[in-house]
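Below, read A as the first sequence line, B as the second, and so on, with proteins coming before strands; counting in each chain starts at 1. Values below: all heavy atoms of this structure, side chains included; hydrogens, waters and symmetry mates excluded.
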There are 2 protein chains.
Amino acid sequence: MTKYSKQSRFLIAVDCIVFGFDGETLKLLLIKRSFNPEKDKWSLMGGFVQASESLDQAANRILKQLTGLEGVYLEQMYSFGETNRDPIERTISVSYFALVDIHKYEKQISTDFHAEWVPLKRIPKLIFDHQEMVELAKKSIRYKAALHPILFELLPSRFTLPQLQTLYESVFNTSIDKRNFSKRVLATGLLIKLTDKDKAGSKRGAYYYQLNMQKYYANFQAFINIIPNPDSLQN
Amino acid sequence: MTKYSKQSRFLIAVDCIVFGFDGETLKLLLIKRSFNPEKDKWSLMGGFVQASESLDQAANRILKQLTGLEGVYLEQMYSFGETNRDPIERTISVSYFALVDIHKYEKQISTDFHAEWVPLKRIPKLIFDHQEMVELAKKSIRYKAALHPILFELLPSRFTLPQLQTLYESVFNTSIDKRNFSKRVLATGLLIKLTDKDKAGSKRGAYYYQLNMQKYYANFQAFINIIPNPDSLQN
DNA sequence: CCAAAAGTGTTGCGGCTACACCCATGC
DNA sequence: GCATGGGTGTAGCCGCAACACTTTTGG
């Protein structure tokens, strides 16, 4: 029974903007397309939605197939529907952004999947409207991170305050006073100080922290105040 | 040339959650479906995307066709893609919310289009997942309005501070001290005080204000601080 | 012993909240 | 003249930004 028989049907793609942080630099995961059109051009992780799956399921499947990533933070961002955005056939793309602990997957991704982590400052030309998606993703992640503690998704389970601060400084492209930063972060009550130190970054070593998962989940929708002046979201 | 021939194609719908404010109550514009499935059930303003139009164009067209509304504030919200959300045939719905000055269209809508303004507190059961869309729209409008001056889109070009305050109180389902409210609002510099008064609401009358359009457009993306405590966004 | 990064406290200011009374007018 | 809603000011507190020195240790 098809009551909607006169209507047009369209391809639906999912495209994922995958953020990673290696302790110093904020990066995106990009891939060289192995198929036409635009073969060998750089592209986001994308694929078509299948008849049997929801949008979220498609996003998770595509991420897994192209990168091996599974169980990462994934959030729907925006749907792109210009009529000519894919030159072969009209395709509506539902975009997602993902936040990934880069270390967990670094080797796996490059050997098995020919995907590559590219510093956000040096993104090459991308196919279709993927450039636009990246710009929106940068804005979205800032917007959200200014209000919610999502950036922890980019860090390993144990991390130091200097690492966390570098991450915030990368995302907001700013520099933050470390005394005020640590006060604000610790005031959230989300962090548990561990007894051992990371000696990699300095001679003295920096204490490891981990998330208080209880509070993290409870406060995820709540508002935090880590960024001094949200006007830094502007550009 | 069809390189994607093996992929499934889907119906794409656009559904609009249309908010209006009559000076007292926040309302949604709903319609009784004139076609199957779910004929005569309440529904959001929706329709199918056509081959020749972008998502934004489809949203604007559908709003115009179903309500006569044109040139109103319209923002893409979220895409719903559960496989069984439309029982007849799988349909992905891209939802938009709209903010409308209710007075401009009140008569027109009910006479010409059989659409109806329903108080947000008394929304009937809706078809499909439209209930879920409404819930998300309430959250989205609060979220955005806590940070950006979008609620002016719901008011006529001349309005009073008590009207504006009632609007904020409706949206955030809270009550606000009027002295503090007026200080915060006026501190944004977005308002121009006019010399005449609205005598409808009281004997003394309340001064009309209008938006400083220069500043309004310049500050639309910037952050304002009208809501005392953003934790009111919680529920 | 020195370089390099980590850690930590205080003060002052600005902005926010809480709060109450007078004003204008239609009836 | 009184009831109704509109308009306005202040004081105290809290939170935030600004700011510099000491600690640790690998080399």
(message) Under 3.5 Å, is there a donor on one side chain and an acceptor on the other for A:S93 and A:D15?
(response) yes

(message) Rounding to an integer number of Å, can you tell me how far B:F181 CZ sits from D:dG7 P?
(response) 12 Å

(message) Whole angstroms only, please: what is the CD-P distance between B:Q163 and D:dG6?
(response) 10 Å

(request) When you get a sec, tell me which of D:dC16, C:dC16, D:dT8 is the closest nucleotide to the side chain of A:N225? (result) D:dC16

(request) Using atom CG of A:L186 as one end and atom P of C:dG9 as the other, report the distance to the nearest whole Å. (result) 12 Å

(message) Which label fits B:F152 and B:Y216: parallel for a plane angle under 30°, tilted from 30 to 60°, or perpendicular past 60°?
(response) perpendicular

(request) Could you tell me the separation between the CZ atom of A:R184 and the P atom of C:dT8, rounded to a whole number of Å? (result) 16 Å

(message) Using modelled atom types and a 3.5 Å cut-off, is there a donor and acceptor pairing between side-chain atoms of B:Q76 and backbone atoms of A:Y78?
(response) no

Side-chain polar contacts of residues 203-215 of chain A - donor-acceptor pairs under 3.5 angstrom, sequence neighbours left out - could you list them?
unit_1: A:N212; atom_1: OD1; unit_2: A:Q214; atom_2: N; d: 3.2
unit_1: A:N212; atom_1: OD1; unit_2: A:K215; atom_2: N; d: 3.3

(message) In this structure, how many angstroms lie between the C1' atom of D:dG6 and the CZ atom of B:F159, rounded?
(response) 16 Å

(request) Do nucleotides 19-27 of chain C as a string where each nucleotide becomes B, S or -: B if the base has a protein heavy atom under 4.0 Å, S if just the sugar-phosphate does, - if no protein is that close. (result) BB--BBBB-

(request) Would you mind listing every salt bridge (charged side-chain N to carboxylate O under 4.0 Å, His left out) that reaches into residues 61-81 of chain A, with sequence neighbours excluded? (result) A:E53-A:R61, A:K64-A:E70, A:E75-A:K144

(message) From CD of B:E24 over to P of D:dG5, roughly how many Å is that when rounded to an integer?
(response) 11 Å

(message) Is any side-chain heavy atom of B:T67 closer than 4.5 Å to one of B:V100?
(response) no

